[in-house]
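Structure incoming, see below.
Reckoned from all heavy atoms, side chains included, excluding hydrogens, waters and symmetry mates. Letters A, B, ... are given to chains in the order of the sequence lines, protein chains preceding strands, and every chain is numbered from 1.
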Amino acid sequence: MNFRVVSALILRHLFLYIRSPMRLVELIFWPVVELLIWGYLTMFIQENTTGDFPRIITYLLGAMILWDVIFRAQQGVAISFLEDVWTRNLLNVFVAPVRTSEFLAATFGVGLLRILITVAVLSMMALALYSFNVFKLGWTLLPFFMNLMVSGWALGMISTALILRWGQAAESLAWAVPFFIQPLVAVFYPVSAIKPEWLQSVSLALPPTHVFEGMREVLSTGVFSWEKFGWAVGLNIVFMAIAGSIFAWMLTMTRKRGLLTKFATQ
Amino acid sequence: MSAPDSREVILEARALTREFDGVKALDAFSFKLHRGEVLGLLGANGAGKTTAMNCLLGLTLPSSGGLYAFGLELQKHRIEILRRANFSSAYTSLPGNLLVWQNLLVFARIYGVREPRKRIDELLEMMEISHLRKRVTGQLSAGESTRVNLCKAFLNKPELLMLDEPTASLDPDIADKVRKVVRRVQRDSNCAILYTSHNMKDIEEVCDRVIFLHKGKIVMEGTPMEIVERSEGASLEDVFIKIARDGEIVDAAAAKLAKEESV
Ligand SMILES: Nc1ncnc2c1ncn2[C@@H]1O[C@H](COP(=O)(O)OP(=O)(O)O)[C@@H](O)[C@H]1O
Ligand SMILES: [Mg+2]
């Protein structure tokens, strides 16, 4: 892994964001809309019911912000790749001395940058509008973020592999990849709410589930579960390995079929 | 055939074959490219030129055959080889939403060019496009964009350069400029160039040696002069048309000529 190559590939995206601020708008617009909807909804429910609602607000807003970490990381990876397809630059990169690992590392870097921007905006808004301080989660936020980001990277590689295999026709599918798992990773409700019960074991096999369960635990009891953290890290390693292999396999298949240049120059 | 070349072999294909759905886009294609040589790959649309180049760049895997650059096997030493090579094609472009200097800087860093800004200035000047430095890449004309692509291709002072139809879509004037600049940089740096084209002017002016491809097979090979001589005074253009329409006939003529020469 050559850091110079990785940073050069990231530099290309930095130039892109500096040159077209509209891209930054896209990073901020949807999360803000989401935040408003979830915020108003929880406030409305709170006013019209009695019970343990302040906590539920916290759950939902926290879950929403953390879910965006996965989503943004996945998008960062997929968009970095698609940006090269759209601008017919993919061949220039693939005939340059760039290893697959370096190419992927750069897309991960772009994912990280996108997360930082989105999360910063969301956290400030949540604090201002709903007095929800995401930093109440304290230092536990960092391991949560890291785990979710890595899950997002893995999903991003799978999205990219889909595009490599089925071309640009698969683009919309590629965007939807994180939402395939969203119902199962217990973002807004505990694993115990997932029915039928056998689906719960599927849920527990996905790394983000342990992060969201862990987040709720911190918010309700103040205790950070090292066990859940351990599960998330372990499963993420497995997921990265699987997603990375799928990507590498698709890349080889595309070379074998001679399609790399076909869809890179269309 | 011309006398054997004693210069170092930079690029070599041995019986390169590539099938697509049972059809051979390249059929036992073999050649050697020497240091400082410009080799033209000529042929009609669909002859297999791009397929050959893609295999040589590792973008497409061959069905069979061997590929070597700088004496190294391509698949095993791809990154090492690509560091010493570069590529430009009429069918790719640099990201249109970046400025020219930004694109060149990104690639200079990828290739690990020393003093990148100085090198970029040098190349822009050489291509006579210094004034385009701060322009948006996507808004350049075809001719300007071709020259920017060539700047990218020369960034790392490649010892091996592959150009896929660099003059396609250029008007005769710009095409002429591009040919001259390619030839000049090539002479200065003594790099080896594999140059595909279906433009006769390209071949006459730029290439030291030509390989005619037809349906993935070599049907004729030699210097532009030799080819014209062998075709009994017909122009390269005539030869091209004959090959494109009926590769087999010229094939036979070439075989006959080759036989005569070997006697
Ligand atoms: N990915 C592919 N799948 C199927 N056929 C292909 C593919 N790439 C090239 N071909 C076929 O291979 C032949 C050679 O194409 P190509 O190398 O692009 O020709 P040229 O560059 O000389 O015009 C053509 O018949 C083309 O249709
Ligand atoms: Mg071609």
Problem - Donor-acceptor side-chain pairing of B/Thr196 and B/Asp164 below 3.5 angstrom - result: yes

Problem - Lys/Arg cation over aromatic B/Tyr68: B/Arg14, 6.0 Å, 45° cone - result: yes

Practice task
Check the side chains of A/Tyr17 and A/Arg114 for a donor-acceptor pair under 3.5 angstrom, ignoring hydrogens and angles.
Solution key: yes

Practice task
Taking atom types as modelled, find out whether B/Asn86 and B/Lys152 have a side-chain donor-acceptor pair closer than 3.5 angstrom.
Solution key: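 Present: a donor and an acceptor within the cut-off.
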
Practice task
Could you please state which residues from residues 23-31 of chain B sit under 4.5 angstrom from chain A, measuring non-hydrogen atom to non-hydrogen atom, sorted by number, or 'none'?
Solution key: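 Checking residues 23-31 of chain B against chain A gives no residue, so none.
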
Enumerate donor-acceptor pairs with a distance under 3.5 Å from any side-chain N or O in residues 141-148 of chain A to protein atoms, sequence neighbours excluded.
residue: A/Asn147; atom: OD1; partner: A/Asn236; partner atom: ND2; Å: 2.8
residue: A/Asn147; atom: ND2; partner: A/Pro143; partner atom: O; Å: 3.3

Practice task
Answer yes if the side chains of B/Glu165 and B/Tyr195 hold a donor-acceptor pair under 3.5 Å, and no otherwise.
Solution key: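 Result is no, nothing qualifies.
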
Practice task
Name, in order of residue number, those residues of residues 94-109 of chain A that have a heavy atom at a distance of less than 4.5 Å from a heavy atom in chain B; otherwise write 'none'.
Solution key: A/Phe94, A/Val95, A/Ala96, A/Pro97, A/Val98, A/Arg99

Exercise for the section: Go through the side-chain N and O atoms of A/Asp68 and A/Thr118 and say whether any donor and acceptor fall under 3.5 Å apart. Expected result: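 No, A/Thr118 and A/Asp68 have no side-chain donor paired with an acceptor closer than 3.5 Å.
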
Practice task
Tell me yes or no: between the side chains of A/Ser20 and A/Arg23, is some donor less than 3.5 Å from an acceptor?
Solution key: yes

Fill in the blank from the handout: In this structure, CZ of B/Arg18 is separated from SG of B/Cys55 (nearest 0.5 Å) by 6.5 Å

Practice task
Flag yes if more than 12 heavy atoms outside A/Arg4 fall under 6.0 Å of its CZ atom; otherwise flag no.
Solution key: yes

Problem - Atom group of A/Arg19 that falls short of 4.5 Å from chain B, counting heavy atoms - result: side chain

Exercise for the section: Can you tell which part of B/Arg84 gets under 4.5 Å to a heavy atom of chain A, answering side chain, backbone, both or neither? Expected result: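 When you check distances to chain A, no heavy atom of B/Arg84 falls under 4.5 Å.
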
Exercise for the section: Calculate, to the nearest 0.5 Å, the distance between atoms CZ and OG belonging to A/Arg88 and B/Ser89 respectively. Expected result: 8.0 Å

Practice task
Would you indicate whether the side-chain heavy atoms of B/Leu42 and B/Ile211 approach each other to under 4.5 Å?
Solution key: no

Handout entry: From CA spacing to verdict: salt bridge (charged side-chain N to carboxylate O under 4.0 Å, His left out), B/Glu122, B/Arg119
Key = CA-CA 5 Å; B/Glu122 210 173 274; B/Arg119 178 72 182 146; 2.7 Å; yes

Problem - Most chain B-contacting option - heavy-atom pairs closer than 4.5 Å, from A/Asn92, A/Leu11, A/Val5 - result: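 Of the options given, most contacts go to A/Asn92.
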
Problem - Contacts of residues 97-109 of chain B with chain A (heavy atom under 4.5 Å) - result: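 The residues closer than 4.5 Å to chain A, in numerical order, are B/Asn97, B/Leu98, B/Leu99, B/Trp101, B/Gln102, B/Leu105, B/Val106, B/Phe107, B/Arg109.
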
Practice task
Would you check if there is a donor-acceptor pair between the side chains of A/Glu171 and A/Trp166 at a distance under 3.5 Å?
Solution key: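 Their side chains do not contain a donor-acceptor pair, so the 3.5 Å distance test is not met.
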
Exercise for the section: Taking only Lys NZ, Arg NE, NH1 and NH2, and the carboxylate oxygens of Asp or Glu, determine whether B/Glu73 and B/Lys76 approach each other closer than 4.0 Å. Expected result: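 Answer for the salt bridge query: yes.
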
Exercise for the section: Among the options B/Leu57, B/Asn54, B/Ile110, B/Leu59, pick out the one with the most heavy-atom pairs lying under 4.5 Å from chain A. Expected result: B/Leu59

